[in-house]
Structure formats: structure tokens, C-alpha cells
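First listed ligand is number 1; within each ligand, the first listed atom is number 1.
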Amino acid sequence: MEAAVLATALGLLLLAGAGGSAGDEAREAAAVRALVARLLGPGPAANFLVSVERSLAAESGSDTYSLSGGGEAPVRVRGSTGVAAAAGLHRYLRDFCGCQVAWSSSQLHLPWPLPEVPEELTEATPNRYRYYQNVCTQSYSFVWWDWARWEQEIDWMALNGINLALAWNGQEAIWQRVYLALGLNQSEINEYFTGPTFLAWERMGNLHTWGGPLSRFWHLKQLHLQHQILYRMRSFGMTPVLPAFAGHVPKAITRVFPHANVTQLGSWGHFNCSYSCSLLLAPEDPIFSIIGSLFLRELTKEFGTDHIYGADTFNEMQPPSSEPSYLAAATAAVYEAMTKVDPHAVWLLQGWLFQHQPEFWGPAQIRAVLHAVPQGRLLVLDLFAESQPVYLHTASFYGQPFIWCMLHNFGGNHGLFGALEAVNRGPESARRFPNSTMVGTGIVPEGIGQNEVVYALMAELGWRKDPVPDLEAWVTSFAAQRYGVSQPNAEAAWRLLLRSVYNCSGEDCRGHNRSPLVRRPSLQLNTMVWYNRSDVFEAWRLLLKAAPNLTTSPAFRYDLLDVTRQAVQELVSLYYEEARTAYLKHKSRPLFRAGGILAYELLPALDEVLASDSRFLLGSWLEQARTMAGSEAEAYFYEQNSRYQLTLWGPEGNILDYANKQLSGLVADYYQPRWGLFLETLVDSLAQGIPFQQRKFDEKAFQLEQAFVLSKRRYSSQPQGDTIDLVGKIFLKYSPRGLAGFL
Ligand SMILES: *[C@@H]1O[C@H](CO)[C@@H](O)[C@H](O)[C@H]1NC(C)=O
Ligand SMILES: *[C@@H]1O[C@H](CO)[C@@H](O)[C@H](O)[C@H]1NC(C)=O
Ligand SMILES: *[C@@H]1O[C@H](CO)[C@@H](O)[C@H](O)[C@H]1NC(C)=O
Ligand SMILES: *[C@@H]1O[C@H](CO)[C@@H](O)[C@H](O)[C@H]1NC(C)=O
Ligand SMILES: *[C@@H]1O[C@H](CO)[C@@H](O)[C@H](O)[C@H]1NC(C)=O
Ligand SMILES: *[C@@H]1O[C@H](CO)[C@@H](O)[C@H](O)[C@H]1NC(C)=O
Ligand SMILES: *[C@@H]1O[C@H](CO)[C@@H](O)[C@H](O)[C@H]1NC(C)=O
């Protein structure tokens, strides 16, 4: 019975992305061979024989790889698609060679001779789709990437078996053509687009104008990049998801079409209506389908299509009516504009809205949206399934197929965090749910480049039928793969991290590990964490102890620094609590001691140690922004876009510190001065006998924050100093166990 329900749901869906000729097989195999050469170098690559054979999937009906050979013979990697072959290669490198591929650095020391696969190992994934990306990832992490960085990421995707992902670059260039064709002029278009670091929210109708406009040079670069991205994704046999019209229009549409029936939506993210309150076109207005199909026709003419399109009409936006008939019409209009151009269209919808505003989205509202599109033609991302799965209370999305997604990260924050137990069990439970319509797993963080262990587990689950049986054993091998050797102290450190920061459960795990360090100070900051801080300090000690054995491992140096950063984050909370208690009890001396250490010693020491690694430099990120620019003025503009996103987010601190990062440069010139100001304000308040006034402090803090955003100070993208020495110094000085603990 369950299989029958799922089959109906999927009947239509499976149309998309099927097919494949001998030519496709050869092309995908060639793409994987090129990946092997990029990853391992041409010499070692010669020991791998890669082929793509669709027939491998005949038995299971899903993507399959098969491994054999090694030892005296070459390693044979076969896959039913290029992605499946790449996933098979990754499995071999990880489980047979003890290697690891990761964002911060990959550990690819191959044993020689290559380990033998004793008997042919064939693995079929239980997931039709392995999806990657949140609409926000494009803005928080990918915004300044050039082709070299994209190429690395698409390789990472292929190796992790991802076969469905957004390809959303360059869409504004297409919109610009469409708007011009409709009769808008350039200044009206410029007024509408946001700047590069805020495009994700323009694309979902949350924002317009803020941080814009986009330059001609930007459009050209993005178009070019998008062609490269699509070509590479397709050559692996991945399905790129293109954007479609969701219903939001620029204000100037009403000049060109004075009778257009538009509704102004409410404001978003504490922005006023100069930047939010988007206009939504009424579904019954005939120009809805004209604009929607013009866009899709122009887009697919430029980029081709793989028939899956993403669009989000009501993401964090309250619809103008909760009438199911209205919601169904608004949904059907989006879908019909797609099928007018592409009869095979499948709509990929981020299901975030349903759990973000549960008071609005009752069963009747959700059902109206889900049933406005034919069964199997709407593919829903259960976006935050590790924490608040929607499939559970919608009888598996009322029969529409869905992808179980792990969101994990908000805003690209660095704080160590993970709910590994929930992640590990989640996909299997969803698959076993009665009449489940789950068709895949997804990795959908708002920002990447943090907490790599969480992503390694989720990617592995994309190809597993069952949860990992023993997470302690799993994380121990993870550490060994990461550093290329089994080092007992380092492995013990990882087990401590697993049971503390990475074992969040229940209410505590709505998202973050944000410390007072990255918040605007006040007397009310929350310092609660769900774990025992001693575990972090102990992991820190153990990593430092392992350092002499692992100095040459780039991944180890990254982790040592990252855990040091985390330990400092914990210390900031402890010193803050001490200073606050001292202030509230009016004893100024202990206040000055704890606050002084926090603001004038610990934060400068953190900045100094972060400065020793290019992966923790504000300068590296801003340099990428500048490199995208066609002129000095544009470089400054991009840099400012980035600085806004990292700090104030909007002109007035509208989403203050949401996308905070702990990078050298930000710590010294943004967080530190703010904490210094706070401490001085408290000391003055005691000296003068006047109470601390938060509002007054906030005004002064805003001046500092804004000065940082507008500053033209350049930051180095070259690391300085030795991480291990600097970590040792901080440890000896500040660790609760200090010198005694280390010996
Ligand atoms: C664009 O149209 C608006 C509204 O008609 C007008 O005020 C503006 O001058 C025009 N801009 C250009 C560059 O034509
Ligand atoms: C919105 O805020 C900006 C700056 O924060 C201000 O310049 C603008 O006048 C405001 N617009 C409205 C409609 O209040
Ligand atoms: C405009 O659109 C709304 C929402 O779809 C609809 O209720 C209303 O009747 C429309 N108005 C006109 C004049 O067509
Ligand atoms: C599963 O679907 C079948 C057929 O539609 C239905 O009879 C059955 O009640 C469903 N089971 C659950 C638990 O919803
Ligand atoms: C995580 O915490 C739960 C209790 O909340 C516990 O049962 C489980 O063993 C812990 N897992 C690890 C790996 O420490
Ligand atoms: C935290 O861990 C330390 C060291 O293992 C232990 O002494 C302490 O009791 C723990 N605290 C709590 C609240 O469990
Ligand atoms: C660490 O390195 C030291 C010498 O540098 C060596 O004596 C020791 O055996 C190594 N320990 C491990 C666990 O690899």
C-alpha cells in the first residue's frame, strides 16, 4: 500500500531528470575522470578506472555505484550516473584509504599500493534525490565566488553524491531583459534590485532596493559564471534547479500596467517599506502569466532546462488572505506560468513557510497550497526537518513528494553546534513514516564553511539506508580521516565535542550557538548552553596536546583554531557573567577585572590567533568581494555590502549581528570596541552613581557599528603568526586548568 501511494506521488516526478543515452554515460564518465585528476593529481588518477553505466541502477531503481580492484590492479569505480560514480570514489577514498574531502582542506594522502576492495562492493542509495542549498546560501556563502571556487564546490557536491541543487546565478540579468521588454526603464530596474549580498531575499520577495543597484559588469560576470556552473553540473549528471516567477514585481510595473492588480505585502525583517513590503501580483491578473512565462522563456533560452524550478511566494511573508481558495489560486498561478513554457515543469518549494508561521499555516492553508499543483509536480523541501519536521503533521505533505532536509546553520555563524543524534535518525524515521512520500535527503544550511562534521554525517546519510550505528565510533574515524592518522588525544577530543556541542537535543536546538561575544552588549544577554562547558575546555586541552604530532595537517590546524575560538567564546560568557554580577551588586573592582580581561585581553588575543590562518580572516572574504569588481568604486561598494551583511544587515541594524562571523578583523575592529564601550559605560555608571541606560548605550554602539561598515580600512588576506604557538599562549593564560592542566 505505502509503495503504491509513493509510486503515484512519484509517477510524474520521475519524468524529470530521467533519460540518458550512451553519449550521456560517456560524458559523465569523462567528467568524473577529470574530477579524479583535479582531486588526486594526474599520476594517482591513472590508477582509477571510471565508467558510467545506467544499467547498474536497473535492480534497485536508484543511483548505484560499484567498487572493485585495487592492490596490484587499478581501482574500478562504476556508477549509474556521474554523481553515483563520484560518490563511489568518495566512499573508496574515505573507507578504504582513510581520506577526507572537506571545505576547510582535504586530506588525500593515499596509501600505496592502493587498498584492495576484497569483493565487489555495490551500494544503491535509498534516495531518489540528494539535494543541496538553501536560497540564502547563495548570499551568505557563494556571493563572491569565482569559477575556481565554484568548481571546487561542484566537485564537493559530486563526491558527496548530490544530484539536485540550485543554480541561481545570473537570474537578475534575465529579469533585467524581461523588465526592459515590458517597458521599465533602467533607473526603475536599478531601484528594484538589492545589492549582491542581499539577493537571496529579493528573490523570495522579502526585500528590494537595499544595498543595490547591480552593475552591468555584475550581470555579465554572473551570466558567464552561470553557464560554467550549469555545464559542469550537467556533465556530472546533476539536475540544476533554475528559478521561476513567484509573483513579486517591482513598483514600476504599475506605471507600465496602471490596471495591474497588485497587493502590497507586509514589511519583513524590521525593514521599512522603502526596502520591503513587496508588491505581489494577483493570481487572476492576466499579466501574471505573461510575466511568468516571459521570464521562464528567456531563462531557458539562455540556459536550457532540466525541468525543475524553484520559487517561493510566501517565504516569511504573510499572504494577504488566509482563504484556502486564495492560497490555491496564488499557487496555481505560479505553476501555470511554468507549464505554459515547460509542460514538464516540476516546482521545488522551500517548506520553511509552514513551520515558520504555524499560526497562519493551518491544515486547510497548507493543503490548499499543496493541492493546487498536480500530485507529483510539487517537490517540497522539509527545510528544518532535523528540528521541526512538517511531514509529521501534514500526513507527509498530503501526498506530495518531499525531501528531508537538514538546515543546521543560520547566517553562516561559527559557533560549534549540531544535533547529530537527531540528524542521524531523521531520514530513516521519515522513510518509515506511514504512507511516506519522502523522495530524498537534503543539506540546506544558510551558510557553509563551519561545523564540517555535521555535513560529513548528513552527506553520508544521503547514501545510507540506516542510521550510523555508533556515532562515537563514527566520529573517531572522522577524526582519523581528517588528520590522516589515528591520534588518541585528537580522537578523544572529538568524542567530547560529540557528547557536548554536537549533541544538542529538543528545545535547545532551534539553531545557534551564539555567544555574547558576537552580540551587542547589554545586561540581559543569555549565556545558557546545552552542554557542559568543561567538555569544550577539555577537548581544547586534548587537541593542544595532540598538536606536536599533527602540526603538518591543515585540517588539524583549522580545528585547533576553531576549538580555541569556541573556548574563547565560552570564556567570554563566563567573564561577562562575572562582570554583570559585580555590576549589579555594585562592586566595581571585580567588574573591572572580569570586564577588563574580556574586552582588553581576551578579544585581542582571539583576533591575534584568528589572524594566523587564512581561513579565519575578514581580509580573505573582503578580498574575494573586491576581486568581483570592475572598478575601485565597485570594489568599495561590494566590500560595504559584505560589511553590512556581517554586522548591521540593514541601514539601522535591522537584523543586527544575525550573520555574525568570528574572523580576525571583525573581532578587533567591531566586537572588541563594542565590548570596550560597554565596560566603560558600566564603570562610569558606578562612578557617577547613575543607572546604566540601554537605549543610550545602543545609540553609541550603533555609531561604532556603522563606522566599521563605512570604514575604508583594508584587511590583509595573508595570515600572520603561528597558530599553535598562539593557541598555547592563550591556553596557558586563560584555560580554567591552565598550566596545571596541560602538564
Ligand atoms: C524612468 O521612468 C521614470 C517614470 O516615468 C522617470 O521619472 C525617469 O526619469 C525615467 N528614467 C530614465 C532613465 O528614463
Ligand atoms: C526607511 O529607512 C530609511 C533609512 O533607514 C530612511 O532613509 C527612509 O526614509 C525610510 N523610509 C520610510 C518609508 O520610512
Ligand atoms: C485583485 O486581486 C485580489 C486578490 O487576488 C482579488 O481578491 C480582487 O478581486 C482583485 N481585484 C480586481 C479589481 O480584480
Ligand atoms: C495509507 O494509505 C492508504 C491508502 O490511501 C490508507 O488506506 C491508509 O489509511 C493510510 N495509512 C495511514 C497510516 O495514513
Ligand atoms: C546525546 O544525548 C542523549 C540524551 O539527550 C544521550 O542519550 C545520548 O547518548 C547522547 N549521545 C552522545 C553521542 O553522547
Ligand atoms: C561538567 O563536567 C565537569 C568535568 O567533567 C564536572 O566536574 C561537572 O560536574 C560537570 N557539570 C555538570 C553540570 O554536569
Ligand atoms: C607523537 O610524537 C612524538 C614525537 O614527536 C612521538 O614520540 C609519539 O609517539 C607520537 N605520539 C603519537 C600518539 O603519535
Near [X], which atoms of ligand 2 are under 4.0 Å from a heavy atom of that residue?
{"X": "Ser274", "result": "1 (C), 8 (C), 10 (C), 11 (N), 12 (C), 13 (C)"}
{"X": "Glu652", "result": "5 (O)"}
{"X": "Pro651", "result": "5 (O)"}

* Asked: Just which atoms of ligand 4 are under 4.0 Å from any heavy atom in Asn435?
  -> 1 (C), 2 (O), 3 (C), 8 (C), 10 (C), 11 (N), 12 (C), 14 (O)

* Residue Pro434 vicinity, atoms of ligand 4 by number, heavy atom under 4.0 Å -> 13 (C)

* Answer with side chain, backbone, both or neither: which part of Cys273 has a heavy atom less than 4.0 angstrom from an atom of ligand 2? => neither

Between [X] and [Y], is there a donor-acceptor pair closer than 3.5 Å when you use the side chain of the first and the backbone of the second?
{"X": "Thr681", "Y": "Leu677", "answer": "yes"}
{"X": "Asn641", "Y": "Gln645", "answer": "no"}
{"X": "Thr441", "Y": "Arg130", "answer": "no"}

* Between Lys712 and Tyr636, is NZ or CZ placed under 6.0 angstrom from the six-membered ring centre and within 45° of the ring axis? -> yes

* Cation-pi between Arg377 and Tyr335: NZ/CZ under 6.0 Å from ring centre and within 45° of the ring axis? -> no

* Mark whether atom 9 (O) of ligand 3 lies under 4.0 angstrom from at least one protein heavy atom. => no

* **Single hit among Tyr658, Tyr644, Phe198 for ring pair (Phe, Tyr, Trp, His ring centres under 6.0 Å) with Trp649** => Phe198

* Asked: Any side-chain donor-acceptor pair under 3.5 Å between Glu172 and Gln222?
  -> no

* With only distance considered, is Tyr275 within less than 3.5 Å of ligand 2 through an N or O on each side? -> no

* Asked: Against heavy atoms of Pro283, which atoms of ligand 3 measure under 4.0 Å?
  -> 5 (O)

Nearest protein heavy-atom contact for [atom]: which residue, which atom, what distance?
{"atom": "atom 5 (O) of ligand 3", "answer": "Glu284 OE1, 2.7 Å"}
{"atom": "atom 1 (C) of ligand 3", "answer": "Asn261 ND2, 1.4 Å"}
{"atom": "atom 3 (C) of ligand 2", "answer": "Asn272 ND2, 3.6 Å"}

* To do: Using a cut-off of 6.0 Å, state whether more than 12 heavy atoms not belonging to Glu59 lie near its atom CD.
  => no

